[in-house]
Amino acid sequence: MKILIDEGKCVGAGQCVLAAADVFDQRDEDGIVILLDAVPPHELLPQVQDAAARCPALAIEVVE
Amino acid sequence: MTNTQHTRTQPTVRTCPFDPPEEYRTLREQAPVTPMTLPDGATGWLVTRYEDVRAVLSDPRFSAKRTIPGAGSPEMNDAPVPPPPPGMFILMDAPEHTRFRRLLTGQFTVRRMRQLAPAVEKIVAEQLEAMASAEGPVDLVQAFALPVPSLVICELLGVPYADREEFQRNSATFLRLDASPEESQQAQTAMRGYIHQLALAKRENPTDDILSELVQSGELTDEELAGVGVLLLIAGHETTANMIALSTMCLLRDPEQLGALRADPSLMDSAIEELLRYLTIIQFGLRRTALEDVELHGHQIKEGSLVVASLASGNRDAAHFTDAPERLDVGRPFSPHLAFGHGIHQCLGQQLARVEMKAALSGLLDRFPTLRLAVPVEQVPMRDNMLVYGVHELPVTW
């Protein structure tokens with residue numbers, strides 16, 4: 001699994017952090033997504049997929 | 001399109017205070033994208049299925065810019081869309097919207113809102129103590145549901161809570177469906193003037209709050225700052241206040257679900273997401289305008305048409321919430337809901353709302369184990385005519 005994020009699209013809603021806190025965080029200054037782990041272990045796949053589905057700005061892409 | 005196609009009006013009449021109008025179910029099944037007349041007389045398209053609501057709200061071809069009465073009829077297609085009032089970024093598209101949103105997103109991150117939780121819990125505890133010292137029955141809205149988010153947003157923004165009477169009144173006018181355009185305009189002008197004066201004071205004497213930070217950032221004109229301040233103040237207390245009161249009423253009417261929640265407080269997070277989904281207080285949905293011709297389920301949505309995405313209907317769509325969506329289930333496994341909207345405008349303050357709801361509902365249930373309605377449910381005045389649904393008052397006792 002590989003994760004691609006688009007900072008330009010991100011609107012800082014924080015959904016990805018709720019879904020997968022081990023993989024996503026937010027920058028303190030503007031709330032934009034930080035990818036903590038671009039190639040997370042496979043067992044986190046459901047959480048990462050949840051994060052991508054929740055993202056209101058479609059800023060997360062999961063490549064399996 | 002002919003006018004005769006607009007004979008259907010957006011459903012507004014509820015048979016149960018916790019359910020959206022029954023007609024939405026039929027619309028989802030038989031006419032998921034349908035021409036209709038809105039409660040205020042505007043005409044456009046009503047979108048009722050979960051997937052379609054998400055699609056409309058995340059599609060840049062549907063603009064958030066202020067729509068015009070009559071949009072959707074061919075003769076109005078060339079009418080210019082007026083610019084949004086300065087700072088009203090919920091009525092803007094990218095990249096204009098982005099500039100405002102990015103100034104604020106850092107203030108409402110998951111981490112910052114969780115850090116705020118102890119302060120919110122303290123406010124909750126103080127309000128509950130004051131409520132307990134009164135003899136029941138009390139109106140839960142005035143004693144608890146409204147003060148908690150009002151105190152929190154005042155603290156965050158740097159607005160004196162002592163001024164609440166005026167801004168709460170103006171904010172209520174702004175959200176009333178039957179307010180005349182003049183009344184709405186007056187309320188908005190009064191609030192803008194109020195925030196503007198506050199911002200001027202903060203320019204001289206900055207304090208530790210969002211308004212001061214915005215003033216000091218130098219990124220916004222005075223007019224824009226006033227618009228942003230008004231938006232945050234309204235959004236910051238009306239929505240959460242209504243979710244707290246309506247959720248309480250809903251749980252008190254559902255002993256099984258309330259019992260499950262009391263028996264296992266670890267269900268609180270899922271209960272909050274479920275209450276957000278089930279009650280969806282942005283009851284008339286979100287309005288968008290087609291920037292070009294768009295095809296949706298075989299319908300040609302013409303450029304300039306008004307489209308209403310029904311969050312409340314989408315949140316009851318059995319195609320997405322496959323396990324009895326008409327039922328409140330505090331243990332329902334999470335699935336993304338539409339209560340905070342979708343797309344680039346999805347609620348900026350949603351993490352704050354979650355923290356406030358959790359502190360408020362946990363605190364209330366703990367402090368009053370015998371809490372109950374003090375009047376029959378049919379006597380509770382519902383906010384049927386408000387953009388934000390909920391209760392006008394909620395008499396409770398214990």
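Given the structure is predicted, the values throughout are model-derived calculations rather than measurements. Chain letters run A, B, ... following the sequence lines, proteins first and then strands; every chain starts at 1.
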How close do B:Q351 and A:Q15 get, heavy atom to heavy atom, and via which atoms?
NE2-N, 4.1 Å
Locate the shortest heavy-atom distance separating B:Q350 from A:A13; write the atom from each residue and the value.
NE2-CB, 3.5 Å
Is B:I344 in contact with chain A via its backbone, its side chain, both, or neither, using a 4.5 Å heavy-atom distance?
both
Report the distance from atom NE2 of B:H337 to atom CZ of A:R54, rounding to the nearest 0.5 Å.
8.0 Å
Any side-chain heavy atom of A:R27 sitting closer than 4.5 Å to one from B:T105?
no
Taking the side chain as everything from C-beta on, heavy atoms only, tell me whether A:L18 gets closer than 4.5 Å to B:R354.
yes
When every non-hydrogen atom of A:A53 is compared with those of B:R54, the smallest separation belongs to O-NH2, 2.7 Å
Who among A:D30, A:D28, A:D25, A:D50 has the most heavy-atom pairs with chain B under 4.5 Å?
A:D30
Atom group of B:F340 that falls short of 4.5 Å from chain A, counting heavy atoms
neither
Please check if the side chain of A:Q26 supplies one atom and the backbone of B:V110 the other of a donor-acceptor pair under 3.5 Å.
yes
Check this for me: B:E155, atom CD, are more than 12 non-hydrogen atoms of other residues, nucleotides or ligands nearer than 6.0 Å?
no
Just by modelled atom types, is the A:V11 backbone N or O under 3.5 Å from a matching donor or acceptor in the B:R101 side chain?
yes
So, taking the atom named CD in A:E29 and the one named OG1 in B:T109, what distance separates them when rounded to the nearest 0.5 Å?
10.5 Å
